[in-house]
Amino acid sequence: MKWPAMGYARVESLADLWRVMDEAGPESQILAGGQSLLATLSFRLSEPSGLIDITRISALKGIAVKGNILRIGALTRHADLGRDPLVAARAPLLAKAAPLIAHPAIRNRGTIGGSLALADPAAELPACVVALGATIVIASKAGERRIAAEDFFQGLFSTDLQPGEIIAAVEVPVATSASRQTIVEVTRRSGDYAMAGLAAVLSARPDGHVDAARLVYFGVGSGAEIATGASAALAGRPLDAAAIAAAQAALADDLDPPGDLHGGPELKRHLARVLTARALRSFLAPAEQAA
Ligand SMILES: Cc1cc2nc3c(=O)[nH]c(=O)nc-3n(C[C@H](O)[C@H](O)[C@H](O)COP(=O)(O)OP(=O)(O)OC[C@H]3O[C@@H](n4cnc5c(N)ncnc54)[C@H](O)[C@@H]3O)c2cc1C
């Protein structure tokens, strides 16, 4: 199908953006990497009055560390997340997530801001930023506001973004030597959206004792699902087979997955349990993994 007729404006700065947004009105849409938006236009799932291309706004670009915060500009592409040394060292979860997103051509254009704004329940990055306890930086002509990632996502393809607002950046607490971060998922084919996935962040002592855990699942609900029971089941004890079994058992109360084109709720629950063991075992020493 052809795209609907619409306007197009490419802006060079945030000041330009606020002016063009005012002129274009609420029926216009922000265009970042275009990897989700352009498909919805082709299928006529969305018919904006115009597209406002933000890809040249330098204030939305760049990755930098300030104190114990890693700030990632909204226009950071998935491919950049996967190869940036600061991300690899300070937020390894995001570096591990990047190669799981779609295919190289899509990763070369798709942006972290676009992925978070879309809030696809099967997407990797919303679950990662929730697991990391990140903050979403939102900008509008009135200035900036910050919101915890877990409050930003409000359900299926739904966020706290208000008309006139955009995502400017994501601020991630930098990993410490106690941080353990990983992401695992099951897909039908490489590059597909996940049938189920898990972003896991632990804070562990050198002796393997878990101080705190955050297990966030994707593809098993209406958004990034924080498994509070499973996370609590790990805290304050050594990470061993018994702790992993306790986390798996707690998922029965944590997750209530709807069926989708991949399968029914029971399949999703099964995958979540399998992924839990896979993720947590990856934190064990090699000898314990083999046991
Ligand atoms: C074949 C295919 C497979 C894919 N597989 C995966 C996958 O496995 N995992 C995954 O996570 N994603 C997947 N994607 C989606 C991909 O990651 C997109 O890049 C991403 O979801 C959207 O980013 P974008 O920059 O392309 O945003 P766009 O498509 O430009 O925009 C998406 C939406 O976000 C809004 N938006 C964009 N940027 C901002 C901003 N800064 N502030 C406010 N609103 C904004 C737009 O207005 C639009 O509504 C896939 C896409 C395709 C085509």
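In each ligand, atom 1 is the first atom listed, and ligand 1 is the first ligand listed. Bear in mind that the values here come from a model prediction, so they are computed numbers and not experimental data.
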Undergrad: I166 heavy atoms, cut-off 4.0 Å: which ligand 1 atoms fall inside?
TA: 42 (N), 43 (C)

Undergrad: Would one find more than 12 heavy atoms of other residues, nucleotides or ligands at under 6.0 Å from atom CZ of R109?
TA: no

Undergrad: How far is atom 8 (O) of ligand 1 from its nearest protein heavy atom, and which residue and atom is that?
TA: A102 N, 3.3 Å

Undergrad: Return a table of donor-acceptor pairs under 3.5 angstrom between the side chains of residues 272-279 and protein atoms on other chains or two or more places apart.
TA:
from: T276; atom 1: OG1; to: Y217; atom 2: OH; distance (Å): 2.6
from: T276; atom 1: OG1; to: A272; atom 2: O; distance (Å): 2.6

Undergrad: What protein heavy atom sits nearest atom 17 (O) of ligand 1, and how far away is it?
TA: H78 NE2, 3.0 Å

Undergrad: Would you compute the distance between atom OG of S115 and atom CG of D120 and round it to the nearest 0.5 angstrom?
TA: 7.5 Å

Undergrad: What residue and heavy atom of the protein are closest to atom 9 (N) of ligand 1, and at what distance?
TA: E124 OE1, 2.8 Å

Undergrad: Regarding atom 23 (O) of ligand 1: of the candidates A122, G114, A74, which has the closest heavy atom?
TA: G114

Undergrad: For L118, counting its heavy atoms only, list the atoms of ligand 1 lying under 4.0 Å from any of them.
TA: 21 (O)

Undergrad: Is it the case that ligand 1 has an N or O less than 3.5 angstrom from some N or O of L37?
TA: yes

Undergrad: Quick check on contacts: which atoms of ligand 1 are under 4.0 angstrom from a heavy atom of S36?
TA: 15 (C), 18 (C), 20 (C), 21 (O), 22 (C), 26 (O), 29 (O)

Undergrad: Is any N or O atom of L125, backbone or side chain, closer than 3.5 Å to an N or O atom of ligand 1?
TA: no

Undergrad: Using distance alone, determine whether I54 and ligand 1 share an N or O pair under 3.5 Å.
TA: no

Undergrad: Going only through I, L, V, M, F, W and Y residues with side-chain contacts under 4.5 Å, is there a path from L60 to I72?
TA: no

Undergrad: As an exercise, state the distance from CG of D240 to CG of L284, rounded to the nearest 0.5 Å.
TA: 8.0 Å

Undergrad: Return yes if some donor-acceptor pair links the side-chain N/O of R237 with the main-chain N/O of H209 below 3.5 Å, else return no.
TA: no

Undergrad: Under the 3.5 angstrom rule, does the side chain of D254 hit a backbone N or O of G229 as a donor-acceptor pair?
TA: yes

Undergrad: Tell me the contacting part of L161 for ligand 1: side chain, backbone, both, or neither, using a 4.0 Å heavy-atom threshold, strictly below.
TA: side chain

Undergrad: Which residue supplies the protein heavy atom nearest to atom 26 (O) of ligand 1, what is that atom called, and how far is it?
TA: Q35 N, 2.7 Å

Undergrad: Consider side chain to side chain contact (heavy atoms under 4.5 Å, CB included). Of L31, T111, L75, D16, which one does I54 pass it with?
TA: L75

Undergrad: Could you list the atoms of ligand 1 found under 4.0 angstrom from a heavy atom of G33?
TA: 24 (P), 25 (O), 26 (O), 27 (O), 30 (O)

Undergrad: CD of E27: more than 12 outside heavy atoms within 6.0 angstrom?
TA: no

Undergrad: Backbone, side chain, both or neither: what part of I167 comes under 4.0 angstrom of ligand 1, heavy atoms only?
TA: both

Undergrad: So, for A230 and A250, which heavy atoms are closest and what is the spacing to 0.1 Å?
TA: N-CB, 3.5 Å

Undergrad: Using residues 77-84 as the side-chain source, report each donor-acceptor pair under 3.5 Å to any protein atom, sequence neighbours left out, with the distance given to one decimal.
TA:
from: R77; atom 1: NE; to: N108; atom 2: O; distance (Å): 3.1
from: D80; atom 1: OD1; to: R83; atom 2: NH2; distance (Å): 3.0
from: D84; atom 1: OD1; to: L86; atom 2: N; distance (Å): 2.8
from: D84; atom 1: OD1; to: V87; atom 2: N; distance (Å): 3.1

Undergrad: Any N/O of Q29 closer than 3.5 Å to an N/O of ligand 1?
TA: yes

Undergrad: Does K61 reach the main-chain N or O of T55 with its side chain, forming a donor-acceptor pair under 3.5 Å?
TA: yes

Undergrad: Please list the nearest protein heavy atom to atom 14 (N) of ligand 1 with its residue and the distance rounded to 0.1 Å.
TA: Y193 OH, 3.0 Å

Undergrad: Check whether any side-chain N or O of Q181 sits under 3.5 Å from a backbone N or O of L93 as a donor-acceptor pair, and report yes or no.
TA: yes

Undergrad: Mark up the atoms of ligand 1 that fall under 4.0 Å of a heavy atom belonging to A117, in ascending order.
TA: 34 (O), 35 (C), 36 (N), 43 (C), 44 (N), 45 (C)

Undergrad: Which atoms of ligand 1 have any heavy atom of D192 under 4.0 Å away?
TA: 8 (O)

Undergrad: Below 3.5 Å, N or O to N or O, backbone or side chain included: is there any such pair between H103 and ligand 1?
TA: no

Undergrad: Atoms of ligand 1 less than 4.0 Å from T111 heavy atoms?
TA: 23 (O), 24 (P), 25 (O)

Undergrad: Do any heavy atoms of S115 fall under 4.0 Å from ligand 1?
TA: yes

Undergrad: Do me a favour and list the nearest non-hydrogen protein atom to atom 52 (C) of ligand 1 with residue, atom name and distance?
TA: I106 CD1, 3.4 Å

Undergrad: Where is the nearest protein heavy atom to atom 46 (C) of ligand 1: which residue, which atom, and how far?
TA: I30 O, 3.0 Å

Undergrad: Heavy atom under 4.0 Å from ligand 1: found in R107's side chain, backbone, both, or neither?
TA: neither

Undergrad: With heavy-atom distances below 4.0 Å as the criterion, list the atoms of ligand 1 near G34.
TA: 24 (P), 26 (O), 27 (O), 28 (P), 29 (O), 30 (O)

Undergrad: Ignoring hydrogens and geometry, is there a side-chain-to-backbone donor-acceptor pair from S179 to T176 under 3.5 Å?
TA: yes

Undergrad: So, R90 side chain and I69 main chain: donor-acceptor pair closer than 3.5 Å or not?
TA: no

